[in-house]
Amino acid sequence: MFQGKEESCTELSVLAMSAVNEIIYKNYVPQDFNEYFLIMVRNCYHLLQNIVSDQTNINDLDEAYLSKITEFLRLFVSIHLARCEQNPQFPLLEFLALIFKYTFRHKEIRGFISCLEVWTGLVDYVSGSVENRKDAGDEVLKKYQEALLTLVVEILKKSQFRLNGSELNQLDNTSVGEDGMTEWGQFLSQVLELTMKVTELLPEQVLGVIDQGWRETSRSYLEMDQVVMELDGIRVINLNSEEDVQKVVRGLRDLSSFLQLIGRLSDVFIGEHFRSRLKPGLEYVKQLLALVSFGSKNKLWTVNLRVKSNHNLQEHFVRCHAETIAALKTWCHWLAALHSESLQDSSYTWVTADLTSSIVRQVVVMVKDTSSPDLTHSAAHFLVTLTGTVRPASIWKLKDFTDLYSMINHLNLASEAHRLLVRSLTNVLLLPWPGTQEQRWDDRRKHCSKFLRDLTEKFRAVKTQANFAQDRGQQAAAETHIVHTLQMIGDLVDNVLNEVTQTKKLCYDVSREYIDICLWLFPLYVENHKVCEQMFHFFYTVFDVLKTQMGAQFVEQSVHTFFSMFGSSQLSEVLLQKKGIQETRVVERFLSILTFIVSEPGSTFRKFVS
């Protein structure tokens, strides 16, 4: 077996390892081949021993050869580990120690990333063994515990810019791939996923490891206000060199990474483990609240630098605060469980109400302060999740939140952020409040109707506007308001899909006027592909969610209108490819409505498509 060190034998080394990999790629090993298989694996063990014998050795080897070695290790762990584990003569733990050294001695970060798949295979094997071997699960876990914990410690170190910035900077954090992530994002996702897999096996131990790094990075961030000063009436950060700025940037990037991990950890604090881990869960949420409060109060993304820098520090502060809000958002399901617990155990009533109110106040600050559109969007997204999962009735009494009903028209919000905020505000009015008999449906109907009418004045005015049906100029001017209103009302209808009948009835009562206006507008915009597509999408949502409340007669009337204005000619043109992409999407929306109708039980609507 060649070791790929000399140029003359590199090609042979790669071919040799490729041949070995082809052999072990097969899961089936005949009984009479077992002895030869173990000999081959032992030889690879000694090969790996030589590779990691010193730092210089591995860094001198050809990358293609190292790639084949990594592939061998991945195949061995994912396919053949159980076979070797059962053989008392095979030095399994020593082999894992060599794999560990091999993983963390790579000179290139991408080589290290490839090795993460090897460890993912090991963790999956241990998880499967613990689950399938109930009688010996603890024994299996104990055997691998030290290796897994050491792995978590080291991969968390490897992914921190404060400790490994020069290697991590090799990863592209600008170009987005087909999966919607940058190269750095993919790497961090792998690290977080692997850490979570180990957390499921060893929760208490891994939480202790994570907590140390999490509190370190949090503490550094919470001390940032100490370097803010006022100079000639302008707030500046008192950093004196590019090196100082770079140090802050590294700390912020590490905090952002830990925030993503803390967000993922919420899963291990809910369900069957909620009560046993209630106190540490409460501490995590309080710490996240402290970070949100600090960020919302100090608004460090609005502070200037004293020195010129290649780093956009404000952008890093924005991203860090957005990650804090996003992490807190993932804990909303835990917060919902806390609310349920407080209904059964009054000792948690006050802390639950106080915690929820404090969180809402700090997030609402970011909704009202539109200095950063990204943070406004994050805050609005958080409120949608809170009002949709936790559904605290007490929020109705919180002035910071209820002021938004009257303020929303005066806030300079992007279209998407506006839709999210409307959705969160209508969630409070439409969705049932848990744990209370007094739902106040009549009051909600009045408030919701007034709120929507205040928001949609321009949309509703088109029906009474003089000559609107004939004036193409007025129709073009109203296009933006129509599309946005249909999206907004469609959001709140879609949000009650799986809710109780009372909620759907209320939703239909407050949205009926907009459904009627949309049907009236349809003939006017049937040739406007952008508006027509949105109308079909709106009606599909309405039919899907509120068909019972609307009744068969209205659905029939709507379908008849669609067929009379949008018939076979449009379909034929698209099928013959005489139309463009947008026209095709309109027809697809139309066909989705027809598909939905014919899939309904009974024959009430099928006469329209026969």
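Nothing here was measured: the structure is a model prediction, and the numbers come from that model.
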Straight-line distance of D403 CG to K368 NZ, nearest 0.5 Å: 5.0 Å
Parallel, tilted or perpendicular, as decided by the 30° and 60° cut-offs, for the rings of H447 and W396: perpendicular
Sub-4.5 Å side-chain heavy-atom contact between L48 and L73: yes
No-hydrogen, no-angle side-chain donor-acceptor test under 3.5 Å, H339 and T356: yes
Separation between OG of S293 and CD of Q362, rounded to the nearest 0.5 Å: 3.5 Å
T503 side-chain N/O to L430 backbone N/O, donor-acceptor pair under 3.5 Å: yes
Distance-only polar pair, side chains of D172 and T182, donor-acceptor under 3.5 Å: no
Verdict with supporting geometry, S347 and D345, side chain to side chain donor-acceptor pair (under 3.5 Å): CA-CA 5 Å; S347 64; D345 186 347; 2.7 Å; yes
Close side-chain approach of L429 to L425, heavy-atom, < 4.5 Å: no
Worked verdict on H106 versus S114 for side chain to side chain donor-acceptor pair (under 3.5 Å): CA-CA 10 Å; H106 271 278; S114 299; over 6 Å; no
Got a list of side-chain donor-acceptor pairs under 3.5 Å for residues 327-338, not counting sequence neighbours?
residue: T330; atom: OG1; partner: G263; partner atom: O; Å: 3.1
residue: T330; atom: OG1; partner: A327; partner atom: O; Å: 2.6
residue: W331; atom: NE1; partner: I262; partner atom: O; Å: 3.0

side-chain contact (heavy atoms from CB on, under 4.5 Å) assessment of F112 paired with I155: CA-CA 10 Å; F112 168 77; I155 63 172; 4.0 Å; yes
V248 vs V227 side-chain heavy atoms within contact, under 4.5 Å: no
N/O donor-acceptor pair under 3.5 Å between R319 side chain and R253 backbone: no
F76 and F90 aromatic ring geometry - parallel, tilted or perpendicular at 30°/60° bounds: tilted
Atom pair CZ (F258) and CD (Q212), whose distance is rounded to the nearest 0.5 Å: 9.0 Å
Least distance between heavy atoms, N495 atom then R423 atom: OD1-NH2, 2.7 Å
Non-hydrogen side-chain atoms of L355 and K286 separated by less than 4.5 Å: yes
Check: G121 main-chain N/O paired with R74 side-chain donor or acceptor under 3.5 Å: no
Polar side-chain atom of N132 near backbone of G128 as donor-acceptor pair, under 3.5 Å: yes
K279 with E283: basic N within carboxylate O range, under 4.0 Å: no
Under 3.5 Å donor-acceptor, D254 side chain and R162 backbone: yes
Parallel, tilted or perpendicular: ring planes of F451 versus Y405, cut at 30 and 60 degrees: perpendicular
Whether H80 side chain and I24 backbone form a donor-acceptor pair below 3.5 Å: yes
Identify every side-chain donor-acceptor pair in residues 139-151 under 3.5 Å, counting partners at least two apart or on other chains, and give the distances.
residue: K143; atom: NZ; partner: E85; partner atom: OE2; Å: 3.2
residue: Y144; atom: OH; partner: E85; partner atom: OE2; Å: 2.8
residue: T150; atom: OG1; partner: E146; partner atom: O; Å: 2.7

Close side-chain approach of S127 to E200, heavy-atom, < 4.5 Å: no
CD1-CG distance between I210 and L265, expressed to the nearest 0.5 angstrom: 4.5 Å
